[in-house]
Amino acid sequence: MEEEIFPKVSFIMPVLNEEKTIAQCLDSLSRLDYPKDKIEILIAMGKSTDNTDQILKEYVNKYKNIALLKNPTGNTSIGRNVCIGHSTGDMLMNYSGHVTADKNLLKILALKLSELPKEIVAVGCSNVSPEKQNFVGKTAGVAFSSFMGGKNLFVQNAEFEEERYSDHVSFACYRKEPVEKVGNFDPEFWCGQDAELDLRLLKAGYKILYTPETKVYHFKRSTVKSLFRQMYRYGIARAKMVKKHPKTLKMSHLLGPGFITGIILFSILTILNILPIWFIPVLVLSYILLSIISSFQVTMKPSLVISSILFYFLIHAGYGIGFIKGIVHDKL
């Protein structure tokens, strides 16, 4: 293939406190099997309190196709929009500082998208958990890769064997013009903004394609506290999505809040002696058993299987509490 058939792709990447993964992320992009002059990496810098900014400055001096932009708000949507405003590519690669990619990422996504009908607005792929992470990241990866963690229930965690149209793909390559036409990313969504953008694109008549031909590797949160906070934010974002687009509500979205309300309700009924004292222990043991079965389908390592029980609880509780708060409060 001649170089001129490769469309120029602009990576749009908001970054905040990514010192643990940003070097691996940028090293991965430097190894992409794609013409370097057809790639620009736009990084919107939040007010990081770690060593992220220094690492980024070192990479800017090393690679000419990396540009640093300011995003003092730290708002992910605003950061992505800042990048879009400075982009010169015909395509936008939605990306993050805690992600690495297969070498063929753009050769698959960008070239496939360029050959598809204009009604296909984006092509994305699976995001999987990398092997090299700390214990918290590995355990979270196991949890998200199992049925108890929502694999194949929530499309952002899904892996399929064949190409298919999807409502949303987390890390996708977009045609720039349609994204701008629908108004870019909504600043009201600090997280979950890519899913909300995809929804508006679908409403505008476009389609999104998933392909299994390449992958990105998504580093999970490295501490229990940050994992809970992430799921809490996801819950809020989903509630905001439902309030803005009511028809998007699915039964699966209610599992988290149902988990929280169930705990409260069953506790009250037990205290009032309406339910027998053994009812809650039976539920707890059932939850633990399901957690173990779910994790065993992903890994046989006892330490990860046992630890994942706590992680499922953090995922379900964090998401559930966030969703309830997002529904109750008008502005978050």
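Throughout, residue positions are numbered sequentially from 1 according to the sequence presented.
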Margin query: Distance alone, cut at 3.5 Å: any donor-acceptor contact between the side chains of T100 and S28?
Written below: no
Next item on the list: Could you check I41 against I43 for side chain to side chain contact (heavy atoms under 4.5 Å, CB included), going step by step and ending with a plain yes or no?
Entry: CA-CA 6 Å; I41 302 169; I43 301 175; 4.0 Å; yes
Item checked: Linked hydrophobic residues, V298 as query - side chain contacts closer than 4.5 Å -> F135, V142, L304
Next item on the list: Could you tell me whether the side chain of Q230 and the main chain of R221 form a donor-acceptor pair under 3.5 Å?
Entry: no
Note to self: Quick one, S114 and M91 - any side-chain contact, counting heavy atoms below 4.5 Å?
What the structure shows: yes
Note to self: Taking the ring centre of each residue, are F171 and H218 less than 6.0 Å apart?
What the structure shows: yes
Notebook entry, point to check: Can you find a heavy atom in the side chain of V99 that is under 4.5 Å from one in the side chain of Y95?
Noted result: yes
Next item on the list: Could you tell me the separation between the OG1 atom of T76 and the CG atom of L16, rounded to the nearest 0.5 Å?
Entry: 8.0 Å
Notebook entry, point to check: M241 and V182: same hydrophobic cluster, using ILVMFWY side-chain contacts below 4.5 Å?
Noted result: no
Item checked: Charged N-O contact under 4.0 Å between D53 and K47 -> no
Notebook entry, point to check: Are any side-chain N or O atoms of N75 and backbone N or O atoms of G79, one a donor and one an acceptor, separated by less than 3.5 Å?
Noted result: no
Can you give me every donor-acceptor pair (side chain of residues 262-282, partner residue at least two apart or in another chain, under 3.5 Å) with its distance?
unit_1 : atom_1 : unit_2 : atom_2 : d
S267   : OG     : I263   : O      : 2.7
T270   : OG1    : F266   : O      : 2.7

Item checked: Among L209, I108, L105, D102, side chain to side chain contact (heavy atoms under 4.5 Å, CB included) partner for C125 -> L105
Check: Do L92 and V9 have side-chain heavy atoms sitting under 4.5 Å apart?
Finding: no
Item checked: Residues clustered with Y217, ILVMFWY side-chain links under 4.5 angstrom -> V128
Next item on the list: Give a yes or no on whether I306 and I288 share a hydrophobic cluster (residues Ile, Leu, Val, Met, Phe, Trp, Tyr; joining criterion: side-chain heavy atoms under 4.5 Å apart).
Entry: no
Notebook entry, point to check: Will you find, in the side chains of Y59 and S30, an N or O donor that is under 3.5 Å from an N or O acceptor?
Noted result: no
Check: So, do N94 and V169 sit near enough that their side-chain heavy atoms are less than 4.5 Å apart?
Finding: no
Check: Mind checking what makes side-chain hydrogen bond (donor to acceptor under 3.5 Å, both in side chains) contact with S87, not counting sequence neighbours?
Finding: K176
Next item on the list: Tell me, please, which residues at least two apart from R233 pass salt bridge (Lys or Arg N to Asp or Glu O under 4.0 Å).
Entry: none
Next item on the list: Quick one: do Y312 and Y287 satisfy side chain to side chain contact (heavy atoms under 4.5 Å, CB included)? Show the steps, please.
Entry: CA-CA 9 Å; Y312 289 124; Y287 185 85; 3.5 Å; yes
Check: Other than I78, which residues form its hydrophobic cluster under the rule that side-chain heavy atoms must be closer than 4.5 Å?
Finding: L42, L69, V82
Notebook entry, point to check: Okay, side chain of T299, backbone of K301: is any donor-acceptor separation there less than 3.5 Å?
Noted result: yes
Check: For E119, which residues count as a salt bridge (Lys or Arg N to Asp or Glu O under 4.0 Å) partner, sequence neighbours excluded?
Finding: K207
Next item on the list: Please list, chain by chain and in numerical order, all residues satisfying side-chain hydrogen bond (donor to acceptor under 3.5 Å, both in side chains) with N65, sequence neighbours excluded.
Entry: none
Item checked: NZ/NE/NH1/NH2 to OD/OE distance under 4.0 Å, K107 and D33 -> yes
Check: Going only through I, L, V, M, F, W and Y residues with side-chain contacts under 4.5 Å, is there a path from L285 to F296?
Finding: no
Margin query: Suppose we screen for side-chain hydrogen bond (donor to acceptor under 3.5 Å, both in side chains). Which residues come up paired with R200, at least two apart in sequence or across chains?
Written below: E196
Checklist line | Heavy-atom closest pair, residues S308 and S295 | finding: OG-OG, 2.5 Å
Note to self: Measuring from atom CD of E115 to atom CD1 of I120, what distance do you get when rounded to the nearest 0.5 angstrom?
What the structure shows: 13.0 Å
Checklist line | side chain to side chain contact (heavy atoms under 4.5 Å, CB included) between I315 and F228, intermediate numbers included | finding: CA-CA 6 Å; I315 291 170; F228 180 84; over 6 Å; no
Margin query: If you count every heavy atom of other residues, nucleotides or ligands that lies below 6.0 Å from F313 atom CZ, does the total exceed 12?
Written below: no
Check: In Å and rounded to the nearest 0.5 Å, what is the SG to CZ distance from C191 to R229?
Finding: 9.5 Å
Note to self: Taking the side chain as everything from C-beta on, heavy atoms only, tell me whether F219 gets closer than 4.5 Å to K20.
What the structure shows: no
Item checked: Validation row: M93, I12 side chains within 4.5 angstrom (heavy atoms) -> no
Next item on the list: Say whether, by atom type as modelled, one donor and one acceptor occur between the side chain of N134 and the main chain of S222 under 3.5 angstrom.
Entry: yes
Notebook entry, point to check: Transitively linked via ILVMFWY side-chain contacts under 4.5 Å: F189 with I84?
Noted result: no
Notebook entry, point to check: What residues, two or more places apart in sequence or in another chain, satisfy side-chain hydrogen bond (donor to acceptor under 3.5 Å, both in side chains) together with S10?
Noted result: E40
Next item on the list: Measure across M45 and L56 and return the closest heavy-atom pair with its distance rounded to 0.1 Å.
Entry: CG-CD1, 3.9 Å
Check: Do S291 and S294 meet the criterion of a side-chain donor-acceptor pair at a distance under 3.5 Å?
Finding: no
Margin query: Under 4.5 Å between side-chain heavy atoms, counting indirect links through other Ile/Leu/Val/Met/Phe/Trp/Tyr residues: same cluster for V305 and M300 or not?
Written below: yes
Next item on the list: Find the distance between CE (M148) and CD1 (I292) and round it off to the nearest 0.5 Å.
Entry: 10.0 Å
Next item on the list: Would you confirm whether T21, through its side chain, and G97, through its main-chain N or O, come within 3.5 Å as a donor-acceptor pair?
Entry: yes
Notebook entry, point to check: How would you list, by chain and number, every residue that makes a salt bridge (Lys or Arg N to Asp or Glu O under 4.0 Å) with D186, sequence neighbours excluded?
Noted result: K244
Margin query: Donor-acceptor check, side chain of K36 to backbone of L32, threshold 3.5 angstrom: yes or no?
Written below: yes
Item checked: Ring centres under 6.0 angstrom apart (Y319, Y232) -> no
Next item on the list: Flag the pair H168 / I208 as yes when at least one side-chain heavy-atom distance between them is below 4.5 Å, and no otherwise.
Entry: no
Next item on the list: Using the side chain to side chain contact (heavy atoms under 4.5 Å, CB included) rule, take T214 and L109 through it: C-alpha gap first, then chi angles, then the decisive distance, then the call.
Entry: CA-CA 8 Å; T214 188; L109 300 188; 4.0 Å; yes
Notebook entry, point to check: F323 and F259: aromatic ring centres closer than 6.0 Å?
Noted result: no
Item checked: Residue pair K203 / H245, side-chain donor-acceptor N/O under 3.5 Å -> yes
Item checked: H253 NE2 to L255 CG distance, which is reported to the nearest 0.5 Å -> 9.5 Å
Check: Nearest 0.5 Å, what's the CD1-CZ distance between I236 and R238?
Finding: 13.5 Å
Next item on the list: Could you pull out all residues at least two apart from K112 that satisfy salt bridge (Lys or Arg N to Asp or Glu O under 4.0 Å)?
Entry: E163, E213
Check: How about K8: does its NZ atom have over 12 heavy atoms from other parts shown lying under 6.0 Å from it?
Finding: yes
Check: Quick one: do the Y206 and D198 side chains pair a donor with an acceptor below 3.5 Å?
Finding: no
Notebook entry, point to check: Taking atom types as modelled and ignoring hydrogens, do the side chains of S129 and K138 form a donor-acceptor contact shorter than 3.5 angstrom?
Noted result: no
Margin query: Counting C-beta onward and ignoring hydrogens, is there a side-chain heavy-atom pair between I55 and E19 closer than 4.5 Å?
Written below: yes
